[in-house]
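To start, the structure itself, in structure tokens.
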Amino acid sequence: MRARIVVVEDEPDLRDAVAEYLGASGYDVATAESAAAARTLLETQSFHLAILDIAMPGEDGLSFGRWLRSKTPIGIIYATAAGTALDRIVGLELGADDYIVKPYELREVLARVRSVLRRVPQPAEPQAAKPETGTGRRMSFGAFHADLDGRLVTGANGAVVDMAKSEFDVLEVFLTRANRLLTRAAISEAIGFVEDPESSRAVDIRIMRLRKKIEADPANPKFLRTVRGEGYIFSLPAGDGN
């Protein structure tokens with residue numbers, strides 16, 4: 001199946017250029033000039049990934065991305081103006097999978113699209129969110145159960161833990177490398193980032209969000225511990241795991 005991408009950008013020349021380039025690279029691309037127009041598209045279409053301009057008239061990209069993430073399992077790449085680091089950090093905290101700084105090269109857009117799509121579940125296969133009995137990679141830690149193939153985490157009472165794709169990506173890295181010290185560079189590489197100061201900050205943000213969902217006391221984590229000056233380690237007690 002060809003991946004479906006929606007480009008939400010208020011600059012028509014840039015919007016058309018990105019759509020044409022991604023279309024020529026083998027993707028099905030739709031465009032919208034505003035968040036309102038994108039909402040209309042989403043009434044009849046589903047997408048694997050959205051490229052959202054942050055600074056748009058009307059509803060901004062951050063607000064729209066927050067709504068979008070609450071409605072559908074979709075990858076999100078924010079486009080932000082050069083020098084607006086705050087927007088990038090806020091975007092990552094809201095669950096974005098990546099960001100790109102304007103002005104950007106179309107080849108860079110393509111590279112980031114490919115990286116995010118490798119980590120995004122396919123919306124055409126909703127059954128993947130429900131683990132089948134006796135199949136799939138399953139791991140337990142404390143009161144939590146993770147189905148790595150179904151990309152689903154449940155808690156003590158079987159309640160599904162609401163987790164963004166970027167958070168699950170990090171959790172999967174730790175669960176499959178439990179009780180091993182992982183540097184930020186190793187984590188970045190495992191989830192498809194290029195290691196740089198911004199990627200390190202992105203990893204830290206994802207870990208912070210993840211702790212809030214799996215730790216009884218995020219300030220004193222039981223599972224996902226910081227090794228000062230080294231990185232992180234996911235402590236999986238004896239008896240937990242597969």
Side-chain angles (χ1 to χ4, degrees), residues 6 35 38-39 42-43 46-50 52 54 59-78 88-99 116-133 136-176 178 187 190-193 201-225 232 234-236 240:
V6 58
R39 287 176 185 263
L42 286 159
E43 291 176 358
S46 64
F47 297 95
H48 299 83
L49 185 145
L52 306 180
I54 289 181
E59 184 179 10
D60 64 36
L62 293 174
S63 173
F64 178 64
R66 183 168 57 247
W67 174 86
L68 190 59
R69 176 51 55 76
S70 73
K71 298 296 182 181
T72 180
I74 188 172
I76 295 178
I77 298 175
Y78 282 120
R88 297 199 294 274
I89 296 303
V90 170
L92 291 170
E93 289 176 342
L94 291 176
D97 296 283
D98 207 345
Y99 65 86
V116 171
L117 285 174
R118 284 195 294 268
R119 313 192 300 268
V120 174
Q122 303 296 302
E125 300 178 359
Q127 68 273 16
K130 298 181 180 180
E132 297 176 3
T133 303
R137 297 176 298 151
R138 300 167 186 274
M139 300 188 73
S140 299
F141 55 102
F144 296 93
H145 303 278
D147 174 8
L148 300 185
D149 293 327
R151 297 180 66 83
L152 187 71
V153 177
T154 54
N157 300 318
V160 174
V161 179
D162 183 18
M163 193 170 291
K165 292 182 298 302
S166 56
E167 295 161 10
F168 192 95
D169 290 340
V170 173
L171 177 62
E172 182 174 7
V173 169
F174 281 114
L175 286 176
T176 55
I187 299 167
I191 61 177
F193 282 169
R201 175 60 175 154
V203 167
D204 291 339
I205 290 172
R206 284 159 169 75
I207 288 173
M208 177 185 67
R209 294 202 313 255
L210 187 57
R211 279 176 172 157
K212 291 179 180 178
K213 297 181 178 181
I214 66 171
E215 300 284 2
D217 181 3
N220 297 284
K222 171 185 176 183
F223 303 114
L224 216 173
R225 298 186 293 107
Y232 298 95
F234 195 94
S235 298
L236 199 60
D240 282 2

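FYI, the numbering just counts along the sequence from 1.
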- Message: With rounding to the nearest 0.5 angstrom, report the CD to CG distance, E167 to L171.
- Response: 9.5 Å
- Sort out for me which residue in L148, D162, V161 forms a side-chain contact (heavy atoms from CB on, under 4.5 Å) with V153. V161
- Message: So L42 and L68, do their side chains get closer than 4.5 Å, heavy atoms only?
- Response: yes
- Determine whether V173 and I191 make a side-chain contact, defined as any pair of heavy atoms from C-beta on separated by less than 4.5 Å. yes
- Item | side chain to side chain contact (heavy atoms under 4.5 Å, CB included) between I76 and D98, intermediate numbers included | CA-CA 7 Å; I76 295 178; D98 207 345; over 6 Å; no
- Item | Test item: S63 side-chain N/O and E59 main-chain N/O as donor-acceptor pair under 3.5 Å | no
- Item | Point-to-point distance, once rounded to the nearest 0.5 Å, from CG of L175 to CZ of F234 | 5.0 Å
- Item | salt bridge (Lys or Arg N to Asp or Glu O under 4.0 Å) between K222 and E215, intermediate numbers included | CA-CA 7 Å; K222 171 185 176 183; E215 300 284 2; over 6 Å; no
- Message: Rounded to the nearest 0.5 Å, what separates atom CG in D169 from atom CZ in R151?
- Response: 4.5 Å
- Message: Minimum heavy-atom separation for F141 and A146, please, with both atom names.
- Response: CE2-CB, 4.3 Å
- Message: Does L210 form a side chain to side chain contact (heavy atoms under 4.5 Å, CB included) with M163? I'd like the steps, not just the answer.
- Response: CA-CA 8 Å; L210 187 57; M163 193 170 291; 3.8 Å; yes
- Message: Quick check for you: to the nearest 0.5 Å, what is the distance between L62 atom CG and I54 atom CD1?
- Response: 4.5 Å
- Item | Any side-chain heavy-atom pair of R206 and R209 under 4.5 Å | yes
- Task: Check whether the side chains of D97 and Y78 place a donor and an acceptor atom closer than 3.5 Å, and report yes or no.
- Result: no
- CG of L224 to CE of M208: how many Å apart, nearest 0.5 Å? 12.5 Å
- With ring centroids as reference points, do F223 and F174 lie under 6.0 angstrom apart? no
- Task: Tell me, with the steps shown, if I207 and V170 meet side chain to side chain contact (heavy atoms under 4.5 Å, CB included).
- Result: CA-CA 7 Å; I207 288 173; V170 173; 4.0 Å; yes
- Query: Distance from H48 atom NE2 to I74 atom CD1, nearest 0.5 Å?
  - Reply: 9.5 Å
- Item | Any side-chain heavy-atom pair of I77 and L49 under 4.5 Å | yes
- Message: With a 4.5 Å cut-off on side-chain heavy atoms, are H145 and M139 touching?
- Response: no
